[in-house]
There are 2 protein chains.
Amino acid sequence: MPKRIRDKQAPDASDRLRAAGLRPTRQRLELAGLLFGMGDRHLTAEGLHAEARAAGCKVSLATVYNTLHQFTGAGLLRQVMVDASRSHFDTNTGSHQHFYCEDEGRLIDIPGEAVAVSGVPKPPQGMAVDRVDVVIRLRRA
Amino acid sequence: MPKRIRDKQAPDASDRLRAAGLRPTRQRLELAGLLFGMGDRHLTAEGLHAEARAAGCKVSLATVYNTLHQFTGAGLLRQVMVDASRSHFDTNTGSHQHFYCEDEGRLIDIPGEAVAVSGVPKPPQGMAVDRVDVVIRLRRA
DNA sequence: CAATAGTTTAGAACAGTTCTAAACAAATAA
DNA sequence: TTATTTGTTTAGAACTGTTCTAAACTATTG
Ligand SMILES: [Mn+2]
Ligand SMILES: [Mn+2]
Ligand SMILES: [Zn+2]
Ligand SMILES: [Zn+2]
């Protein structure tokens, strides 16, 4: 089994963090493992903190908040505004939209470019569109 | 000038409140005046409270919150979720969408049915679409 | 290794919002 | 009208998600 040299591998978690200008600390690596190790996820800060503690990872709530904001700033996460009382973070940073179950507080991805928004007027002078967010609020049928 | 009997007039503010099951108190009438007396508006609780006080209306912040929620429950207002730290209330309860200037915290109506959303998949079993919210986030150009 | 710069943490602080319970006002009954 | 009931207002306390502080700690660099 020949070992290939200079093989371009998927950068590991440490390298991803370093590329974002963040030191690969134990806490960040463990949180990144929970966030990115199991497909697309939607989490709150307290949810991630509880999950980390349950996984035996010693990390404070302040670090969870710090990390979520740092990852968001680095483009590894996106923040979704659906609920007045809790921030939701999305590991899927691609362009997509959401169903939101009000009663469960649960976000569900609507994949890819499924949703199209048309008829948006020109923004006011001096303003440019940053992002178009679509939230489809659901209730029990 | 003959006085017409049983003339169907636009219900005044008192009647609108009574129709919603709310007693027409001084505070509610004054807040309704500020909310509905000058075209469509987007307000926060603290913004409305400040405006009321500036207009010489003695009303507590608790009553402003109570009133905003009661009016929302009665369908006279709609709550718009754009900012994690402040609730915004909209006097325009018709179907419409919004521009949101992140840096100013300002909401701008996109009138009527201008915006169309297509390609929304069927909601999960047992769920029905309650509302489709489109927020176009703006930044300085 | 030492020096530096960045990170973590517990707990305090903060801000928007909700709750409490006593004073008050509108609606209704007598 | 007055008496009674029911709903409303209020100041301030409590609550809750989030941010801040500053001291202890750790990764990185020299
Ligand atoms: Mn959620
Ligand atoms: Mn808050
Ligand atoms: Zn998503
Ligand atoms: Zn509006």
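Chain letters run A, B, ... following the sequence lines, proteins first, then strands; residues in each count from 1.
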Once you apply a heavy-atom cut-off of 4.0 Å, does A:Ser87 come out as touching a base, just sugar-phosphate, or nothing?
sugar-phosphate
When you measure from the side chain of B:Arg23, which nucleotide among D:dG17, D:dT8, D:dT28 comes out closest?
D:dT8
Can you give me every donor-acceptor pair (side chain of residues 111-120 of chain B, partner residue at least two apart or in another chain, under 3.5 Å) with its distance?
none

In chain order, what residues pass the side-chain contact (heavy atoms from CB on, under 4.5 Å) check against B:Asn66, with sequence neighbours excluded?
B:Gln70
Under the rule for side-chain contact (heavy atoms from CB on, under 4.5 Å), what residues qualify as partners of B:Ala32, not counting sequence neighbours?
B:Phe36, B:Phe71
Quick one: does A:Leu31's side chain get under 4.5 Å of A:Val59's, heavy atoms only?
yes
Quick check: do B:Ile136 and B:Gln97 have side-chain heavy atoms less than 4.5 Å from each other?
no
Partners of [X] by salt bridge (charged side-chain N to carboxylate O under 4.0 Å, His left out), sequence neighbours excluded?
X: B:Arg106; value: B:Glu104
X: B:Arg131; value: B:Asp133
X: B:Asp130; value: A:Arg139
X: A:Arg41; value: A:Glu51

Note the angle between the end axes of the helix from C:dC1-D:dG30 to C:dA30-D:dT1, five pairs defining each, rounded to 10 degrees.
20°
Provide, to the nearest angstrom, the distance between the [atom1] atom belonging to [X] and the [atom2] atom belonging to [N].
X: B:Arg86; N: C:dC14; atom1: CZ; atom2: C1'; result: 13 Å
X: B:Met81; N: C:dT17; atom1: CE; atom2: P; result: 10 Å
X: B:Leu22; N: D:dT9; atom1: CG; atom2: P; result: 9 Å
X: A:Tyr65; N: C:dA12; atom1: OH; atom2: P; result: 18 Å
X: B:Leu68; N: D:dT8; atom1: CG; atom2: P; result: 15 Å
X: A:Asp83; N: C:dG16; atom1: CG; atom2: P; result: 17 Å
X: B:Leu17; N: C:dA26; atom1: CG; atom2: C1'; result: 13 Å
X: A:Asn66; N: D:dG17; atom1: CG; atom2: P; result: 18 Å

Mind running a 4.0 Å heavy-atom check of residues 24-32 of chain A against DNA chain C and sending the residues that fall below it, in number order?
A:Thr25, A:Gln27, A:Arg28
Near DNA chain C, counting only heavy atoms under 4.0 Å, which residues of residues 53-62 of chain B show up?
B:Leu61, B:Ala62
Quick check on DNA chain C: between B:Glu46 and B:Arg18, whose nearest nucleotide comes earlier from the 5' end?
B:Glu46
Establish, from distance only, whether the side-chain atoms of A:Asp109 and A:His42 form a donor-acceptor pair under 3.5 Å.
yes
A:His69 side-chain N/O to D:dT18 phosphate OP1/OP2 under 4.0 Å
no
Counting only side-chain N and O atoms of A:Ser85, is one of them less than 4.0 Å from OP1 or OP2 of C:dT17?
no
The criterion is ring pair (Phe, Tyr, Trp, His ring centres under 6.0 Å); which residues satisfy it with A:His96, sequence neighbours excluded?
A:His98
Other hydrophobic cluster members with B:Met81, side-chain heavy atoms of Ile/Leu/Val/Met/Phe/Trp/Tyr under 4.5 Å, chained?
A:Met81
